[in-house]
Amino acid sequence: VQLQASGGGLVQAGGSLRLSCAASGRTFSRYGMGWFRQAPGKEREFVAAVNWSGGLQYYADSVKGRFTASRDNAKNTVYLQMNSLKPEDTAVYYCAADRVERRVTPAATRIYEYDYWGQGTQVTVSS
């Protein structure tokens, strides 16, 4: 399984970015997808997840109302729309694939619940 994340960059506070993650090597539509981020000197943390069908999304409290996770199973791609960005959103963002096929509940928010990871894309928000 390969995950290729893209879309990061430098943006001013209050701006927007959309991250994409293209997947290959496994039946994409059977697995939930997650987004995590890691800032310098900090542990990797959960940001958002979208279930295998795309009908359910889950968010960390810190991004709720600003970020939207979605997926296009026809394109084997998951997205993270990030609005109203803040300097504290600066981090390397990683997409990951759930290790459980068609997970029902609860949402996969822990690192160990994901078995494949993308290479990460840098998001920098200037104040």
Side-chain angles (χ1 to χ4, degrees):
V1 177
Q2 292 189 332
L3 302 176
Q4 182 70 39
S6 61
L10 173 64
V11 64
Q12 289 188 334
S16 298
L17 282 174
R18 189 176 82 153
L19 305 183
S20 300
C21 176
S24 62
R26 187 163 74 177
T27 306
F28 177 76
S29 61
R30 295 179 182 174
Y31 296 87
M33 296 293 293
W35 289 96
F36 290 74
R37 67 186 181 188
Q38 188 166 18
K42 295 188 176 181
E43 294 186 349
R44 192 170 299 190
E45 65 175 1
F46 170 77
V47 174
V50 56
N51 78 326
W52 57 274
S53 70
L56 295 173
Q57 300 84 35
Y58 309 90
Y59 301 97
D61 288 343
S62 59
V63 306
K64 203 171 292 183
R66 300 187 298 121
F67 290 12
T68 303
S70 62
R71 65 190 295 159
D72 185 338
N73 285 343
K75 295 182 178 180
N76 286 1
T77 301
V78 63
Y79 305 97
L80 184 66
Q81 177 67 44
M82 305 185 295
N83 298 329
S84 301
L85 283 161
K86 305 175 181 180
E88 51 264 43
D89 294 319
T90 295
V92 176
Y93 283 71
Y94 298 90
C95 59
D98 194 339
R99 66 173 63 248
V100 175
E101 183 176 345
R102 289 176 177 161
R103 181 187 299 270
V104 179
T105 56
T109 62
R110 307 296 179 90
I111 290 175
Y112 67 81
E113 294 177 305
Y114 292 85
D115 56 357
Y116 293 100
W117 293 79
Q119 85 286 4
T121 184
Q122 176 71 47
V123 171
T124 303
V125 184
S126 63
S127 57

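What's counted below: heavy atoms across the whole structure, side chains too, no hydrogens, waters or symmetry copies.
Remark: the Q4 side chain and the S6 side chain contain no N/O donor-acceptor pair separated by less than 3.5 Å.
Under the 4.5 Å side-chain heavy-atom criterion for Ile, Leu, Val, Met, Phe, Trp and Tyr, V123 and V63 are members of the same hydrophobic cluster. The same ILVMFWY cluster, assembled from side-chain heavy atoms under 4.5 Å apart, contains both F67 and V11. Note: the hydrophobic cluster containing V92 also contains F46 (ILVMFWY, side chain heavy atoms under 4.5 Å, direct or indirect links). M82 and V125 end up in the same hydrophobic cluster when Ile, Leu, Val, Met, Phe, Trp and Tyr side chains are linked at under 4.5 Å.
Judged as a side-chain hydrogen bond (donor to acceptor under 3.5 Å, both in side chains), and not counting sequence neighbours, Y114 has no contacts.
The OG atom of S16 sits 10.0 Å away from the CZ atom of R66 when rounded to the nearest 0.5 Å. Here the CG atom belonging to L85 is positioned 10.5 Å from the OG1 atom belonging to T124, to the nearest 0.5 angstrom. Rounding to the nearest 0.5 Å gives a distance of 10.0 Å between CZ of R102 and OG of S53. Distance check: L19 CG to L80 CG gives 5.0 Å after rounding to the nearest 0.5 Å. Taken from CZ in R18 to OG in S70, the straight-line distance is 7.0 Å, to the nearest 0.5 Å. Here the CG-CG distance, from L17 to N83, works out to 9.5 Å after rounding to the nearest 0.5 Å.
Summarising the local packing, NZ of K64 is surrounded by more than 12 heavy atoms from other residues, nucleotides or ligands at distances under 6.0 Å. Heavy atoms of other residues, nucleotides or ligands lying less than 6.0 angstrom from CD of Q119 number more than 12.
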Show the numbers, then the answer: is there a side-chain contact (heavy atoms from CB on, under 4.5 Å) between Y79 and D72?
CA-CA 8 Å; Y79 305 97; D72 185 338; 4.0 Å; yes
Does the side-chain contact (heavy atoms from CB on, under 4.5 Å) test come out yes or no for T68 and Y59, once each step is laid out?
CA-CA 8 Å; T68 303; Y59 301 97; 3.8 Å; yes
For the pair Q122 and T90, evaluate side-chain contact (heavy atoms from CB on, under 4.5 Å) and give the outcome as yes or no after the intermediate values.
CA-CA 8 Å; Q122 176 71 47; T90 295; 4.0 Å; yes
Could you walk me through whether L3 and M33 pass the side-chain contact (heavy atoms from CB on, under 4.5 Å) check?
CA-CA 10 Å; L3 302 176; M33 296 293 293; 4.0 Å; yes
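With a 6.0 Å cutoff to the six-membered ring centre and a 45° limit on the axis angle, R26 does not count as a cation-pi contact of Y116.
What you find for P87 and A13 is that their closest heavy atoms are CD-CB, 4.1 Å. Heavy-atom minimum distance, Y112 versus R99: O-NE, 2.8 Å.
Under the 30°/60° scheme for interplanar angles, the aromatic rings of W117 and Y94 are found to stand perpendicular.
Formation of a donor-acceptor pair under 3.5 Å by the N76 side chain with backbone atoms of F28 is not found in this model. At distances below 3.5 Å, not a single donor-acceptor pair connects side-chain atoms of R103 with backbone N or O atoms of W52. For T121 (side chain) and Y93 (main-chain N/O), no donor-acceptor pair under 3.5 Å exists by modelled atom type.
For the pair E45 and R37, the salt-bridge criterion is met [side-chain N within less than 4.0 Å of a carboxylate O]. The pair K86-D89 does not meet the salt-bridge criterion, since no charged nitrogen lies less than 4.0 angstrom from a carboxylate oxygen.
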